[in-house]
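It should be emphasised that the depicted structure is a prediction, and the values quoted were computed from it without experimental measurement. Hydrogens, waters and symmetry mates are skipped; everything else that's a heavy atom, side chains included, is used.
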Amino acid sequence: MSELTDERNPRRIAGQERDRLRFEEEALELADHVYRVARRLVSTREEAEDLVQETYARAFRAWRSYTPGTNLRAWLLRILTNLNIDRGRREQRTPDIESIDNEEFALFRKLDDGAAEDDVEHLVERLSQDAVVQALSAVPHHFREVIVLVDIGDFTYQDAAQILDIPIGTVMSRLHRGRRILKRELEATVRVT
Amino acid sequence: MTSSDNPCEHCEKILQPYLDRELTDAERLEAESHLAECGFCRRAYRFEDSLRRYVRSTCSEAMRPELKARLAELRTPLL
């Protein structure tokens with residue numbers, strides 16, 4: 001029989017402490033990234049800050065359930081999106097089949113002034129920054145969350161599917177519809193000159 | 001894709017995974033070969049790509065230092 005039980009073994013305790021500290025440091029390094037996603041999932045800065053704080057409190061308590069070497073960003077975002085649902089922040093469910101009547105390139109056609117190919121990317125500058133933020137917030141929540149994860153969070157479709165616990169095909173269809181809705185909202189802000 | 005399909009309609013369908021770099025190599029080559037020939041799709045793709053970057057930069061709000069400090073305080077005290 002060993003002198004100390006496994007839990008009381010000083011070497012083991014020191015090893016666990018090192019693992020925990022490393023986990024907390026790595027998680028904190030990702031905080032800015034986590035916040036950027038959170039900020040566009042909820043309406044206000046205060047809500048986003050509360051959500052991130054709650055996410056980190058939970059993550060630090062549950063650090064042992066994280067598998068080192070796997071995607072820590074995705075793991076944190078999974079906690080965050082679940083908390084967002086738990087706290088009732090998810091808006092009324094919108095059916096995936098919401099009708100989208102705008103054509104894929106309608107916004108481009110509206111902004112296009114026949115610019116040379118190399119200048120096409122400057123057309124977006126005709127959209128005000130406020131209009132873009134407002135248009136994104138007008139996209140129904142479960143379409144917006146995939147846009148935010150992929151376009152702002154820079155997650156792959158696979159990561160987004162795991163974070164939201166939905167099939168990858170659903171990620172793709174929500175992304176497609178969400179971006180169409182976003183463009184429809186933006187289109188409404190463009191005045192034809 | 002069959003020869004009866006409109007190549008631009010197909011291009012529209014694969015626009016999203018192409019820009020998200022989620023196509024297989026074969027699909028990507030097919031898309032690029034169409035883009036090399038179709039001026040409208042090429043301009044539309046460039047616009048869509050710039051729109052994503054614009055949305056990303058416009059909607060990315062940095063965290064306040066106060067929150068960063070609060071998160072650091074959540075760390076478990078050393079034993």
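Residue contact with chain A, scored on non-hydrogen atoms closer than 4.5 Å, involves the side chain of B/E22 exclusively. B/L71 touches chain A through backbone and side chain together, each having a heavy atom under 4.5 Å away. Contacts between B/E66 and chain A at a heavy-atom distance below 4.5 Å are absent for every atom of the residue. Only the side chain of A/D112 comes within less than 4.5 Å of a heavy atom in chain B; its backbone stays farther off. Within the 4.5 angstrom heavy-atom criterion, atoms from both the backbone and the side chain of A/L127 approach chain B. Contact of A/T156 with chain B is made through backbone and side chain together, with heavy-atom distances under 4.5 Å. Both the backbone and the side chain of B/R46 come within contact range of chain A, with heavy atoms under 4.5 Å apart. With a 4.5 Å cut-off on non-hydrogen atoms, A/L175 touches chain B through its backbone and its side chain both. A/V52 touches chain B through backbone and side chain together, each having a heavy atom under 4.5 Å away.
The candidate from A/E25, A/E49, A/R39 with the greatest count of non-hydrogen atom pairs under 4.5 Å with chain B is A/E49. Between chain B and the residues A/Q53, A/R61, A/H33, the most heavy-atom pairs under 4.5 angstrom are made by A/Q53. Of all the listed residues (A/R45, A/R109, A/Q129, A/M172), the one sharing the greatest number of non-hydrogen pairs under 4.5 Å with chain B is A/R45. Of the listed residues A/L107, A/V148, A/V150, the one with more heavy-atom pairs under 4.5 angstrom with chain B than any other is A/L107. Ranked by non-hydrogen atom pairs under 4.5 Å with chain B, the options A/E125, A/H122, A/E117 are led by A/E117. Between chain A and the residues B/R21, B/K68, B/R42, the most heavy-atom pairs under 4.5 angstrom are made by B/R42. Most heavy-atom pairs under 4.5 Å with chain B, from the set A/I147, A/V133, A/L182: that is A/V133. Considering only heavy-atom pairs separated by less than 4.5 Å from chain A, the leading option among B/S50, B/C59, B/A72, B/S57 is B/C59.
Rounded to the nearest 0.5 angstrom, A/I85 CD1 and A/H142 NE2 are separated by 11.5 Å.
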Checking B/F40 against A/F105 for the ring pair (Phe, Tyr, Trp, His ring centres under 6.0 Å) test, could you report, in this order, the C-alpha distance in whole Å, the side-chain angles of both residues, the deciding distance, and whether it holds?
CA-CA 10 Å; B/F40 174 78; A/F105 297 125; 5.8 Å; yes
Between A/Y56 and A/L28, is a side chain to side chain contact (heavy atoms under 4.5 Å, CB included) present by the stated rule, with each step listed?
CA-CA 8 Å; A/Y56 273 78; A/L28 285 171; 4.2 Å; yes
Is there a side chain to side chain donor-acceptor pair (under 3.5 Å) between A/Q134 and A/S137? Walk through the geometry before answering.
CA-CA 5 Å; A/Q134 276 174 25; A/S137 68; over 6 Å; no
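At a threshold of 4.0 Å, the pair A/R64-A/D19 does not count as salt-bridged, since none of the basic side-chain nitrogens sits closer than that to a carboxylate oxygen. Salt bridge absent: A/D50 and B/R70 never bring a charged side-chain N and a carboxylate O closer than 4.0 Å. Salt bridge A/R40/B/E61: present, at least one basic N to carboxylate O contact under 4.0 Å. Classification of B/R28 and B/D25 as a salt-bridged pair holds, one side-chain N sitting under 4.0 Å from a carboxylate O. A salt bridge is defined here as a Lys NZ or Arg NE, NH1 or NH2 lying under 4.0 Å from an Asp or Glu carboxylate O, and B/R52 with B/D20 meets this definition.
Nearest heavy-atom pair across A/A161 and A/P167 is CB-C, 4.2 Å.
Figure legend: B/R43 and A/F108 shown without cation-pi pairing, the cationic atom not lying both under 6.0 angstrom from the six-membered ring centre and within 45 degrees of its axis.
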